Amino acid sequence: MDQENKEEKLQALRHSASHVMAQAVVRLLPEAKLAIGPATEDGFYYDFDLPRPLNTEDLEAISKEMANIIASDLPIVREDVTKDEAAKIFKDQPYKLEILSEIEDEKVSIYRQGEFVDLCRGPHVSSTGRIGAFKLLNVAGAYWRGDEHNPMLQRIYGTAFETKEELESYLAKLEEAANRDHRKLGRELDLFSIHEEAGPGLVCWHPKGATVRRVIEDFWKDEHTRRGYSLVYTPHIAKVDLWKTSGHWDFYRDYLYSPMDIEGQQYILKPMNCLYHILIYKTKLHSYRELPIRFAELGTVYRYERSGVLHGLSRVRGFTQDDAHIFCRYDQLQTEVEGVLDLAMFMIATFGFSNYQVFLSTRPEKYAGSLQIWEMATSTLAEALNGKGVSYRIDPGEGVFYGPKIDIKFEDALGRAWQGPTIQVDFNLPQRFDVTYTGDDGQEKPVAMVHRTVLGSMERFLATLIEHYGGAFPLWLAPIQVEIIPIAESHQEYAQKVKDELVSCGIRVELDNRSETLNQKIRQAQLNKVPYMVILGDREGGSSTLSVRLRSGEQYHGLSVSDFKKRLGELILDRSQSLLL
RNA sequence: GCCAGCGUAGCUCAGGGGUAGAGCAGCGGUUUCGUAAACCGCCGGUCGGGGGUUCGAAUCCCUUCGCUGGCUCCA
């Protein structure tokens, strides 16, 4: 069976499972009002308006009742009825009536299974017995129609598959994801912490996490310099007037922290770096010959995020963007965008991601700038993508109000999508801040401005990397690259010598001098996911060699220190994903 | 911010009205070991904070902070 067909079948099965769940809920809590219950990418949910909150025991009871319904194999039958008839059937179901009132067709379809009936477009499996294996996962609040002004409903999430084996492998995947959770690994591997005393969403980088971050930042800076960017530094606060001029004070206020008073002037923490880059640009007049100018900065910004959305490193209140702004002529736009795409692809590949998807977001309803300029910029972005041979999907109307954008999402080792590079054209700021250059005709012209980030933010990117690698960073990123393990005290002198030699060529080495057993030391190094364990005993000391154990289990014996050193140097230089010597 | 759940030692967790427990970690010893946990001992918590009910609260109630899963949003 082809993939698409199987996918559709699974959707129908899950949708039916959601109906069965609703039926079970109504049996147990007859006052339940039904909202909606679709299939989702990996399961299904149903939203209910219930007289009381659900708890874990309820989920068990609902599961049991669902099993009964499935066991009795009720046929699921479709009926087409007029809207009036439907209105009678659902007279006690206000949410269904609301949906009904918005359907334009004369006839609507309803699905029945036993005593249960639901307004539904379908399709469904033919009977409840066809639902192979299901599991209810959790209960969550959800606003009716996703609008926070509407009442909050209770949503039950579940998943279903044709076979028990598929369900179990899905649950195993969930468990794997939980094991790779960057918050868990961040603590276990001593990478970072967030403190209640300091405030939520504010991250402290521990030495090991800071090392990973520093390696990435150094790489980032080198790569940007190589590609014609100029690195800049700008302050963390600025007068609020700047943000009033930019329009952020009006459009973006919910994300800004309250101003602080400094000698009678109002200052805010900067929520973005672009305005400072514009100020730098504007310190002098620019000729068309100087463009493009590319200012890059690992700029730390602060945004107010509602407490409920904070999440580990991936949603925080203070973060460092790998930001850059390109000031160019419109005729340079395509080349510039192509350059950013090149850089983005290079970065994605270097960090070990192989699958990604590209989206081009076009003009939204509310927009700045003229139609022509939108048209031009959007087609320029499209041409840049075509020019690079990148296939992409269009996200209609999803552009920012100030210009169209390209978003790249990449998939991690578990197939989950993460927000990656974005490239945004901006018509708004150059106009508001009068950002111009002098053309070859001596006339002042508006610059084309591009905001772009490749990694997103250091915080979120590190979260992605931690989960992608499950904490087992490739050699070039690993906070500790080599753990030296002397077997007994008598080997410490040789161990120190080996350590010094590796350290002298820039390798990050730790020597485990503790009075512990070999097994214990290996175990610790394994748990810390150190790429190489160098084991030194009588054999090695006597022959001036090394025994190396990889965290993946392979072993090498009789290596010379110089060969090991040389090989590590190569692997690090290549930013290799492999550890094999 | 909203709904639900959860906060007990550095970590993982047990205990659910009668003066706080385990394992790991840490510390002190002993052990000097060949590829994922040596042995013995010790230290460690005003049970997130505040208020209340009670003779008595980690336990029940209220409130506040934080975390988790969602909703909304997003780098």
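These numbers were taken from a predicted model, which means no experiment stands behind them. All chains are named by letter (A, B, ...) in the order of the sequence lines, taking the proteins before the strands, and each is independently numbered beginning at 1.
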Item checked: Base partner of C67(B), which must satisfy Watson-Crick or wobble distances under 3.5 Å -> G5(B)
Check: Salt bridge or not for E459(A) and R315(A), using N-O below 4.0 Å?
Finding: no
Margin query: From C-beta outward on Q555(A), which listed nucleotide comes closest to its side chain: U35(B), C71(B), U72(B)?
Written below: U35(B)
Next item on the list: Could you check whether T320(A) gets within reach of a base, just the sugar-phosphate, or nothing at all, counting any heavy atom under 4.0 Å?
Entry: nothing
Notebook entry, point to check: From the list C65(B), G1(B), G34(B), which nucleotide is the closest neighbour of the side chain of Y304(A)?
Noted result: G1(B)
Next item on the list: Go through U35(B), A36(B), A75(B) for me and flag the one nearest to the V316(A) side chain.
Entry: A75(B)
Notebook entry, point to check: Do Y143(A) and G70(B) have a side chain to base donor-acceptor pair shorter than 3.5 Å?
Noted result: no
Item checked: Atom pair distance, as rounded to whole Å: CG in L310(A) and C1' in G70(B) -> 15 Å
Next item on the list: Check every strand shown and say whether R551(A) touches a base, only sugar-phosphate, or nothing at a heavy-atom separation below 4.0 Å.
Entry: nothing
Next item on the list: Give D538(A) one of three labels, base, sugar-phosphate or nothing, depending on what nucleic acid heavy atoms sit under 4.0 Å from its own.
Entry: base
Notebook entry, point to check: Phosphate oxygens OP1/OP2 of C67(B): is one of them under 4.0 Å from a side-chain N or O of H311(A)?
Noted result: no
Note to self: Using Watson-Crick or G-U wobble geometry with both distances under 3.5 Å, which nucleotide pairs with U30(B)?
What the structure shows: A38(B)
Next item on the list: Output yes when at least one side-chain N/O atom of T453(A) is less than 4.0 Å from OP1 or OP2 of A75(B), else no.
Entry: no
Note to self: Which nucleotide wins on minimum distance to the side chain of Q520(A), given the candidates C71(B), C67(B), A37(B)?
What the structure shows: A37(B)
Notebook entry, point to check: Hey, does the side-chain of T517(A) have a donor or acceptor N/O within less than 3.5 Å of a partner on the base of A38(B)?
Noted result: no
Notebook entry, point to check: With a 4.5 Å heavy-atom cut-off, do L54(A) and V25(A) have their side chains touching?
Noted result: no
Checklist line | Of the listed nucleotides C73(B), G66(B), U31(B), the one nearest the side chain of R315(A) | finding: C73(B)
Note to self: For a quick check of understanding: with a heavy-atom distance under 4.0 Å over all strands, which category does Y255(A) fall into, base, sugar-phosphate or nothing?
What the structure shows: sugar-phosphate
Next item on the list: Spell out yes or no: do the side chain of E305(A) and the base of A75(B) have one donor N/O and one acceptor N/O closer than 3.5 Å?
Entry: yes
Next item on the list: Could you work out which one of A75(B), G70(B), G34(B) sits closest to the side chain of R460(A)?
Entry: A75(B)
Note to self: Under 3.5 Å for both donor-acceptor distances, Watson-Crick or wobble: does U19(B) have a partner, and if so which one?
What the structure shows: none
Note to self: Taking pairing as Watson-Crick or G-U wobble with both contacts under 3.5 Å, can you name the mate of C74(B), or confirm there isn't one?
What the structure shows: none
Next item on the list: Could you tell me whether the side chain of N355(A) reaches within less than 4.5 Å of the side chain of F410(A), counting heavy atoms only?
Entry: no
Notebook entry, point to check: Counting N and O atoms only, with roles assigned by atom type, does the side chain of H236(A) sit under 3.5 Å from a partner on the main chain of V301(A), one being a donor and the other an acceptor?
Noted result: no
Margin query: Base, sugar-phosphate or nothing for H557(A)? Non-hydrogen atoms, less than 4.0 Å.
Written below: base
Check: If you check every side-chain atom of N519(A), which of A37(B), C3(B), U32(B) has the closest atom?
Finding: A37(B)
Notebook entry, point to check: What is the nucleic acid contact for Q419(A), judged by heavy atoms within less than 4.0 Å: base, sugar-phosphate only, or nothing?
Noted result: sugar-phosphate
Margin query: Given the structure, check if the side chain of S490(A) and the base of U32(B) hold any donor-acceptor pair shorter than 3.5 Å.
Written below: no
Check: Starting at the 5' end of RNA chain B, which residue's closest nucleotide do you reach first, R549(A) or T422(A)?
Finding: R549(A)
Check: Among V212(A), V203(A), L298(A), which one satisfies side-chain contact (heavy atoms from CB on, under 4.5 Å) with M458(A)?
Finding: L298(A)
Item checked: Positive for side-chain contact (heavy atoms from CB on, under 4.5 Å) with R452(A), one of I406(A), L343(A), V425(A) -> L343(A)
Next item on the list: Mark yes or no for a side-chain to base donor-acceptor pair under 3.5 Å between R306(A) and C2(B), with no hydrogen or angle criteria applied.
Entry: no
Next item on the list: Assign the ring pair W205(A) / F192(A) to parallel, tilted or perpendicular, where the plane angle (0 to 90°) is split at 30° and 60°.
Entry: tilted
Checklist line | Among A4(B), C33(B), C71(B), the one nearest P53(A) by side-chain distance | finding: A4(B)
Next item on the list: Would you mind telling me which residue lines up with the more 5' stretch of RNA chain B, R303(A) or A140(A), judged by nearest nucleotide?
Entry: A140(A)
Next item on the list: Quick one: label G146(A) by what it contacts on the DNA or RNA (base, sugar-phosphate, nothing), any heavy atom closer than 4.0 Å.
Entry: sugar-phosphate
Note to self: Determine whether a donor-acceptor pair (one donor, one acceptor, N or O, separation below 3.5 Å) exists between the side chain of E540(A) and the base of G34(B).
What the structure shows: yes
Check: Base, sugar-phosphate, or nothing: which does E516(A) touch, judged by heavy atoms less than 4.0 Å apart?
Finding: base
Next item on the list: Could you check whether Y157(A) gets within reach of a base, just the sugar-phosphate, or nothing at all, counting any heavy atom under 4.0 Å?
Entry: sugar-phosphate
Next item on the list: Would you indicate what L527(A) reaches in the nucleic acid, counting non-hydrogen atoms under 4.0 angstrom: base, sugar-phosphate, or nothing?
Entry: base
Checklist line | Pair partner, G10(B) [Watson-Crick or wobble, under 3.5 Å] | finding: C24(B)
Checklist line | Who pairs with A58(B) - Watson-Crick or G-U, where each distance is under 3.5 Å | finding: none
Next item on the list: Can you tell me, in whole Å, how much space there is between the C1' of A38(B) and that of U31(B)?
Entry: 7 Å
Notebook entry, point to check: Choosing from A37(B), U12(B), G34(B), which nucleotide comes nearest the side chain of R187(A)?
Noted result: U12(B)
Note to self: Need one value for G456(A): base, sugar-phosphate or nothing, where a base atom within 4.0 Å counts as base even if backbone is also close, heavy atoms only.
What the structure shows: sugar-phosphate
Checklist line | Nearest to side-chain heavy atoms of R539(A), which nucleotide of U35(B), A4(B), G34(B) | finding: G34(B)
Item checked: Residue pair R508(A) / V482(A), side-chain heavy-atom distance below 4.5 Å -> no
